[in-house]
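Okay, structure first, notes after.
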Amino acid sequence: MKVLLLNGSPHAKGSNYIALQEMVKVFHQNEIETEVIQVGNQAVRGCMACGYCFEHGKCVIDDLVNEIAPKFEAADGLVVSSPVYYASANATLIALLDRLFYSTSFDKTMKTGAGVVTARRGGLSSTFDELNKYFTICGMPVASSQYWNSLHGNNAGEAVQDEEGRQIMRTLAANMSFLMKSIALGKEKYGLPEKEERIGTNFIR
């Protein structure tokens, strides 16, 4: 099994790195392969709503989004980590997620998702909620921990001192590992849930 972890911080070895490394250790203990991709330091623009992806199966902007797409498809789980900027996620990460989820047509049902957020002090809950919406719109079960998936620290040195936050990350990875393995067994025995033909309702016609 494999988990793809996206680090939405511009700092390669900052607080988000500390959080994700705690998770990586547990994933490896569960014999789950991991790949961490640095996103927050990349030049990623937002969606242009051009519709190119509907016809070609990929984004018209050939950048990190198209590189990540096949890795996302092959993964059993996705972890998205972001620092808090004005009680919201890093704009670079959001631009990438908007285009990644919109431009990929593969079925994401039952891929496990987890959002992770870091901050010096506040804005964690709203950012955590923002990240989880990408999973819930696609039929992806959201992994949880013993508390909201957050780590405090203005930098890596401070983040290491947040013992509770680091434990939350380890518990999250353990729960996510169990969930992915359980889903794999369920798919093997029962397959994926049958889907109705999608109904789209426009409020203004």
Side-chain angles (χ1 to χ4, degrees), residues 1-9 14-40 68-84 89-90 93-94 96-97 100-101 104 106-119 124-153 159-160 162-193:
M1 307 194 80
K2 183 174 182 177
V3 173
L4 183 65
L5 303 97
L6 304 182
N7 186 342
S9 172
S15 299
N16 286 268
Y17 171 82
I18 298 299
L20 294 180
Q21 286 306 303
E22 291 291 335
M23 297 186 69
V24 166
K25 295 174 188 175
V26 177
F27 285 136
H28 289 174
Q29 291 170 2
N30 282 272
E31 300 182 340
I32 294 174
E33 182 183 348
T34 62
E35 181 178 1
V36 180
I37 299 178
Q38 190 72 25
V39 171
I68 291 176
K71 297 181 179 182
F72 181 20
E73 183 174 11
D76 301 284
L78 176 69
V79 177
V80 179
S81 174
S82 178
V84 173
N90 182 354
L93 175 65
I94 293 301
L96 182 138
L97 293 176
L100 178 65
F101 276 77
T104 50
F106 61 83
D107 190 4
K108 302 170 184 66
T109 303
M110 295 301 155
K111 287 182 182 290
T112 306
V116 170
V117 292
T118 68
L124 294 153
S125 295
S126 56
T127 306
F128 180 53
D129 179 58
E130 181 181 16
L131 296 179
N132 284 331
K133 287 183 170 64
Y134 288 94
F135 310 133
T136 57
I137 201 172
C138 297
M140 296 174 61
V142 179
S144 60
S145 184
Q146 66 200 44
Y147 196 77
W148 294 308
N149 305 340
S150 57
L151 181 73
H152 284 85
V160 170
D162 184 3
E163 294 290 346
E164 181 180 357
R166 290 168 61 198
Q167 184 181 62
I168 289 168
M169 296 304 135
R170 294 192 297 271
T171 303
L172 172 61
N175 290 350
M176 189 170 178
S177 299
F178 177 82
L179 184 56
M180 288 189 299
K181 291 177 181 179
S182 298
I183 289 172
L185 289 173
K187 286 169 63 177
E188 184 179 332
K189 185 170 184 179
Y190 302 109
L192 290 173

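All values derive from a computational prediction rather than experimental measurement. Below, all heavy atoms of this structure are taken into account, side chains as well, without hydrogens, waters or symmetry copies.
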>> Side chains of Ser9 and Asn7: any donor to acceptor distance under 3.5 Å?
In response: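 Asn7 vs Ser9: no donor-acceptor pair found between side chains.
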>> Under a plain distance cut-off of 3.5 Å, with no hydrogens placed, do Asn16 and Thr118 share a side-chain donor-acceptor pair?
In response: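 Yes, side-chain donor-acceptor contact under 3.5 Å.
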Is it true that a side-chain atom of [X] and a backbone atom of [Y] form a donor plus acceptor pair closer than 3.5 Å?
{"X": "Arg166", "Y": "Glu22", "value": "no"}
{"X": "Asp107", "Y": "Thr109", "value": "yes"}
{"X": "Asn90", "Y": "Pro83", "value": "no"}
{"X": "Asn175", "Y": "Ala143", "value": "no"}
{"X": "Lys111", "Y": "Ala75", "value": "yes"}
{"X": "Lys71", "Y": "Ile37", "value": "no"}

>> Taking atom CD1 as the centre, does Ile137 end up with more than 12 heavy-atom neighbours from other residues, nucleotides or ligands that are less than 6.0 angstrom away?
In response: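 Not more than 12 within 6.0 Å, no.
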> Can you tell me if CD on Glu31 sees more than 12 non-hydrogen neighbours from other groups inside 6.0 Å?
Replying inline: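 Counting neighbours around CD of Glu31, 12 or fewer heavy atoms of other residues, nucleotides or ligands fall under 6.0 Å, so no.
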>> Between Asp76 and Lys181, is the side chain to side chain contact (heavy atoms under 4.5 Å, CB included) condition met? List the steps.
In response: CA-CA 9 Å; Asp76 301 284; Lys181 291 177 181 179; over 6 Å; no
Nearest-0.5 Å distance that lies between atom [atom1] in [X] and atom [atom2] in [Y]:
{"X": "Met169", "Y": "Ser81", "atom1": "CE", "atom2": "OG", "answer": "7.5 Å"}
{"X": "Tyr134", "Y": "Leu78", "atom1": "OH", "atom2": "CG", "answer": "11.5 Å"}
{"X": "Asn132", "Y": "Thr127", "atom1": "CG", "atom2": "OG1", "answer": "11.0 Å"}

> Under the criterion side chain to side chain contact (heavy atoms under 4.5 Å, CB included), which of Val116, Leu172, Asn149 is the partner of Val79?
Replying inline: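 Checked Val116, Leu172, Asn149 against Val79; only one passes side chain to side chain contact (heavy atoms under 4.5 Å, CB included): Val116.
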> So Ile168 and Leu151, side chain to side chain contact (heavy atoms under 4.5 Å, CB included) or not? Walk me through it.
Replying inline: CA-CA 8 Å; Ile168 289 168; Leu151 181 73; over 6 Å; no
> Is it true that the NZ or CZ of Lys133 lies under 6.0 Å from the centre of Phe135's six-membered ring and within 45 degrees of the ring axis?
Replying inline: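 No, Lys133 does not sit over the ring of Phe135.
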>> Using the rule given for side chain to side chain contact (heavy atoms under 4.5 Å, CB included), can you reason through Lys25 versus Arg170, listing the C-alpha separation, both sets of side-chain angles and the distance that settles it, and then say yes or no?
In response: CA-CA 8 Å; Lys25 295 174 188 175; Arg170 294 192 297 271; over 6 Å; no
> Ala173 and Phe27: which non-hydrogen atoms are nearest, and at how many Å?
Replying inline: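 Looking at all heavy atoms of both residues, the closest pair is O-CE2, 3.5 Å.
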>> Below 30° counts as parallel, above 60° as perpendicular, anything between as tilted: where do the rings of Phe72 and Phe106 land?
In response: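 Phe72 and Phe106: perpendicular rings.
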>> Please evaluate residues Leu131 and Leu93 with respect to the criterion side chain to side chain contact (heavy atoms under 4.5 Å, CB included), reporting the C-alpha separation (whole Å), side-chain torsions for both, the decisive distance (0.1 Å), and the verdict.
In response: CA-CA 10 Å; Leu131 296 179; Leu93 175 65; 4.1 Å; yes
